[in-house]
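Throughout, protein chains are lettered first and strands after them, A, B, ... in sequence-line order, and every chain is numbered starting at 1.
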2 protein chains.
Amino acid sequence: MTGPRRRRPATEAKVNRLLDATEEIMLREGYAAVSSRSVAAKVGIQAPLVHYYFPTIDDLFLGVLRRRAEPNVDRMAAALDSEKPLREWWQLAADPRGTSLFVELLAAANHRPALREEVGKVARDVRRMQVDRLSTLVGEYGLDAAEFPPALIAAAMQGIAFALVSDQTAGYDTAHEEAAAAMARVLDRLEERRVRRRRRVKL
Amino acid sequence: MTGPRRRRPATEAKVNRLLDATEEIMLREGYAAVSSRSVAAKVGIQAPLVHYYFPTIDDLFLGVLRRRAEPNVDRMAAALDSEKPLREWWQLAADPRGTSLFVELLAAANHRPALREEVGKVARDVRRMQVDRLSTLVGEYGLDAAEFPPALIAAAMQGIAFALVSDQTAGYDTAHEEAAAAMARVLDRLEERRVRRRRRVKL
DNA sequence: GTCTATATTGAGATAGAC
DNA sequence: GTCTATCTCAATATAGAC
């Protein structure tokens, strides 16, 4: 076990430029527009050279997923351990770039088995982390755990973010701004409630 | 203005078979797997013939969208006017086939301007219908309209359905069954509350 | 280790046969 | 009105040059 191979700095930089280009294409034109040609054109190299760094297109998508997953899992862990867990979780979930990319990866995974497995692993791990933390948080927020189990709250956080971000980035006229503002207020109220309840316990 | 052209019954049947095949491919392999070749293979005809019925691939996607949209808009209208509006709305939203297809169309619309416009129109019209009805329903459910405005409730219904259906169809292990069951219970309780409140008013 | 010339397959679309 | 032969181009990928 020697861990992932080290690469020369110049190579590392090029790999990152390729992944940046791939993300850009996924966000602007959808995952289906990603090809060795489109990525190469964006970076300014020849198409077949992409295959030197990423032998297959699957590897390119996996690269995007892995580069995003690690810091995002860390950020989610930090959010869940912060003073306002739901509020910070929402801030992560409502990030248009990250959420749009995740939706694209989810869609691409539909017909790419290698990607599907990896996306599933990330989704499951993150969800487990959220549910674990929620099992104690739910009570602190003054919610009935029987009515709002962690699994539902986690699905709601992610799902609402999906809906709002996808309508927003597509430019659909569906009052998503109003909904986003309301969501923020709901979470703020929950955080206030939690603070009050914890004070009461301490006193 | 003569309305849409009538087609011979045999033609109509073939058009439907092509649209069925397209839906099937979208659901099983994702929208990106839809091509004149893949659709033709599934129906058992030659690839270029697909272009006779649907000149461009955009037309194929538009065909799928339009054939689905009309009955679904009607069904949503009926649900909103039913005895248990939220419950029936959820039953529609939680349908895996319909929701998965909508997600695929949403993704495909990302880089297909013609489709994008039509999807946007459908999304906006349906959302408007839901929000209109919710503006009176919210109070009947005993919810505070300032805290839970119609736009947020509509986004939540759709978003949670997105999240649960996509995890379910992809087979991701994220406790989506538990979440779906909890969602159903939450809505049942709301419906009960609405019935009780209406009785009180009538008496 | 880095990059290019090139092979192969499959895509969308059209002109024209039946 | 229905279907087919065929064109053009873009996709992934590999073998091999530098």
Side-chain angles (χ1 to χ4, degrees), chain A residues 2 4-19 21-22 24-26 28-64 104 107-116, chain B residues 2 4-19 21-22 24-26 28-64 104 107-116:
Chain A
T2 54
R5 275 189 294 282
R6 285 262 177 79
R7 270 194 279 221
R8 290 173 42 193
T11 302
E12 193 74 25
K14 200 156 218 173
V15 162
N16 272 320
R17 279 178 61 210
L18 286 173
L19 293 179
T22 305
E24 210 55 43
I25 294 167
M26 289 175 76
R28 291 158 87 113
E29 307 169 61
Y31 76 88
V34 172
S35 70
S36 47
R37 280 172 136 84
S38 64
V39 172
K42 207 165 202 77
V43 173
I45 63 175
Q46 300 240 22
L49 184 49
V50 173
H51 289 290
Y52 168 64
Y53 295 99
F54 298 94
T56 72
I57 301 295
D58 268 342
D59 293 322
L60 201 50
F61 284 119
L62 283 173
V64 168
E104 289 295 327
N110 227 343
H111 63 292
R112 291 180 174 273
L115 189 56
R116 183 197 191 97
Chain B
T2 55
R5 276 190 294 283
R6 286 263 177 78
R7 270 193 280 220
R8 289 175 41 194
T11 302
E12 192 73 26
K14 200 156 217 169
V15 163
N16 271 319
R17 279 177 60 209
L18 287 172
L19 293 179
T22 306
E24 210 57 39
I25 294 167
M26 290 175 75
R28 291 157 87 114
E29 305 168 63
Y31 76 88
V34 172
S35 70
S36 48
R37 284 171 136 84
S38 64
V39 172
K42 208 167 201 75
V43 172
I45 62 175
Q46 300 240 24
L49 184 50
V50 172
H51 289 289
Y52 169 63
Y53 295 98
F54 297 94
T56 73
I57 300 295
D58 269 342
D59 293 321
L60 202 50
F61 284 120
L62 283 174
V64 168
E104 289 296 327
N110 227 342
H111 63 293
R112 292 179 173 273
L115 189 55
R116 183 196 191 96

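For Glu29(B), the salt bridge (Lys or Arg N to Asp or Glu O under 4.0 Å) criterion is met by no residue, not counting sequence neighbours. Here Arg37(A) pairs with nothing under the salt bridge (Lys or Arg N to Asp or Glu O under 4.0 Å) rule; sequence neighbours left out. With sequence neighbours left out, Arg17(A) forms a salt bridge (Lys or Arg N to Asp or Glu O under 4.0 Å) with no residue at all. Applying the side chain to side chain contact (heavy atoms under 4.5 Å, CB included) test to Gln46(A) and every residue at least two apart in sequence or in another chain returns Pro48(A).
For the pair Arg17(A) CZ and dT2(C) P, the interatomic distance rounds to 14 Å; values are reported in whole Å. One can place CD of Glu29(A) at 14 Å from C1' of dA10(D), the figure rounded to the nearest angstrom. Going from atom CD1 of Ile45(B) over to atom P of dT2(D) covers 12 Å, rounded to whole Å. Atom OH in Tyr53(A) sits about 17 Å away from atom C1' in dA13(D), given to the nearest Å.
OP1 or OP2 of dC3(C) lies within a sub-4.0 Å distance of a side-chain N or O belonging to Lys14(A).
Residue pairs meeting the salt bridge (Lys or Arg N to Asp or Glu O under 4.0 Å) criterion with at least one member in residues 48-59 of chain A, sequence neighbours excluded: Asp58(A)-Arg112(A).
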*Just by protein heavy atoms under 4.0 Å, how would nucleotides 12-18 of chain C read 5' to 3' in B, S and -?*
BBB----

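Side chains of Val15(B) and Phe54(B) form a contact here, defined as non-hydrogen atoms less than 4.5 Å apart.
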